[in-house]
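Take a look at the structure set out below.
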Amino acid sequence: MLVYLNGDWIPGEDACVSVFDRGFVFGDSVYEVIPVYGYRLFREAAHLARLKASMTAVGMDVNALTVTWSAVFARLAETLPSGEGTVYLQVTRGAAPRQHAFPANAPLTVFAYARPRVPETGVGAGYEISAILCDDIRWARCDIKTTSLIANVLLAQEAAARGAEEALLVRNDRVNEGAVSNVFAVRAGRLFTAPRNHLILGGVTRDVVLELAAGLGIPVEDRAPSRAELLEAEEVFITSSGREVAAVTRIDGRPVGDGRLGPVFRRLHAAFQTFKEEVRIGTRT
Ligand SMILES: Cc1ncc(COP(=O)(O)O)c(C=O)c1O
């Protein structure tokens with residue numbers, strides 16, 4: 001696997017960063033995951049805008065980045081079989097003697113690689129999942145896409161240990177998002193999802209699904225469902241770059257609605273497939 005590291009192109013097994021890198025020592029770093037369909041990047045501009053927003057939020061100098069992302073992405077996409085997968089990129093505050101406050105002159109570490117999409121197997125083939133409800137134990141800046149992900153790691157592990165694919169996170173009785181996704185509930189044909197604020201990561205897939213919902217005339221309310229509203233919803237689904245749009249048909253072992261894929265999910269899932277196809281042939285970004 002070819003990786004990009006600080007301006008160099010090297011085999012993944014030869015790529016090294018310092019043990020004093022603040023990404024390693026403090027989790028002092030931000031990242032992005034961008035889907036690639038047919039060698040083309042899905043919503044590249046939105047992902048780069050979010051990267052800049054994350055860097056700015058943690059006090060990293062966006063202008064210190066000299067990388068030409070479009071050239072890096074094009075070369076990484078070429079490494080993907082059939083051009084299908086994701087690009088991962090990470091920017092850390094660089095290597096410096098360990099002290100919490102920012103170092104004076106550490107160059108940012110920039111790393112990127114592409115990962116092929118692994119075809120899902122089994123029931124629902126990745127677009128039908130089960131979830132658990134968990135207390136949201138994360139910090140209060142969930143809008144920053146940082147690699148300081150220990151809380152998300154523990155929550156995802158809790159889901160896995162209980163035989164589920166996602167943990168839906170409850171804070172002050174509101175289900176804001178998942179450990180690795182945004183969450184939508186359908187009640188009386190209306191779509192509910194948490195507003196874009198510091199309690200959620202503003203998902204790029206979420207935004208696309210909201211655009212598709214508007215196009216299909218599905219009413220949307222920018223409000224996180226309460227725990228009870230979620231459990232009584234007709235449908236629940238999640239969105240993320242990795243899982244795209246996936247129906248949640250069981251929560252804590254109990255069926256959501258009638259436990260089957262719902263009509264709103266089906267319409268949005270189909271619209272998302274069309275959207276992807278248009279990205280593949282280059283008529284949409
Ligand atoms: C906590 C969290 N929320 C939401 C998302 C979805 O964001 P996106 O659709 O941009 O992948 C992710 C994706 O990794 C995530 O980790």
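Note that this is a predicted model, so its numbers are computed, not measured. Just so you know, ligand 1 is whichever comes first in the structure, and atom 1 is the first atom listed for that ligand. Only this structure's heavy atoms are used, side chains among them; waters, hydrogens and symmetry mates stay out.
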To which protein heavy atom is [atom] closest, and what is the distance rounded to 0.1 Å?
| atom | result |
| --- | --- |
| atom 12 (C) of ligand 1 | V180 O, 3.4 Å |
| atom 11 (O) of ligand 1 | S241 OG, 2.7 Å |
| atom 6 (C) of ligand 1 | N182 OD1, 3.6 Å |

By number and element, which atoms of ligand 1 are closer than 4.0 Å to a non-hydrogen atom of [X]?
| X | answer |
| --- | --- |
| G178 | 1 (C) |
| E177 | 1 (C), 2 (C), 3 (N), 4 (C) |
| K145 | 13 (C), 14 (O) |
| V204 | 8 (P), 9 (O), 10 (O) |
| G203 | 7 (O), 8 (P), 9 (O), 10 (O) |
| R50 | 7 (O), 8 (P), 10 (O) |

>> Distance alone, cut at 3.5 Å: any donor-acceptor contact between the side chains of E278 and T283?
In response: no

Answer yes or no: is there an ion pair linking [X] with [Y], defined by an N-O contact shorter than 4.0 Å?
| X | Y | result |
| --- | --- | --- |
| K276 | E244 | yes |
| R138 | E177 | yes |
| R162 | D252 | yes |
| E229 | R223 | yes |
| D258 | R250 | no |
| E32 | K145 | no |

> Can V33 be said to touch ligand 1, with heavy atoms closer than 4.0 Å?
Replying inline: no

> How does R138 reach ligand 1, if at all, at less than 4.0 Å between non-hydrogen atoms: by side chain, backbone, both, or neither?
Replying inline: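 Contact part for R138 vs ligand 1: side chain (C-beta onward).
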
>> Taking 4.0 Å as the limit for heavy-atom contacts, which would you say applies to C142 with ligand 1: side chain only, backbone only, both, or neither?
In response: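 Near ligand 1, C142 shows nothing, with every heavy atom at 4.0 Å or more.
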
> Of I200, T205, N176, L201, which has the heavy atom at the shortest distance from atom 9 (O) of ligand 1?
Replying inline: T205

> Of the options Q273, R266, R267, which is the one that meets H269 in a side chain to side chain donor-acceptor pair (under 3.5 Å)?
Replying inline: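 When Q273, R266, R267 are each tested with H269, the side chain to side chain donor-acceptor pair (under 3.5 Å) holds only for Q273.
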
>> Within 45 degrees of the ring normal and closer than 6.0 Å to the centroid, is that where the cationic atom of R93 sits relative to F102?
In response: yes

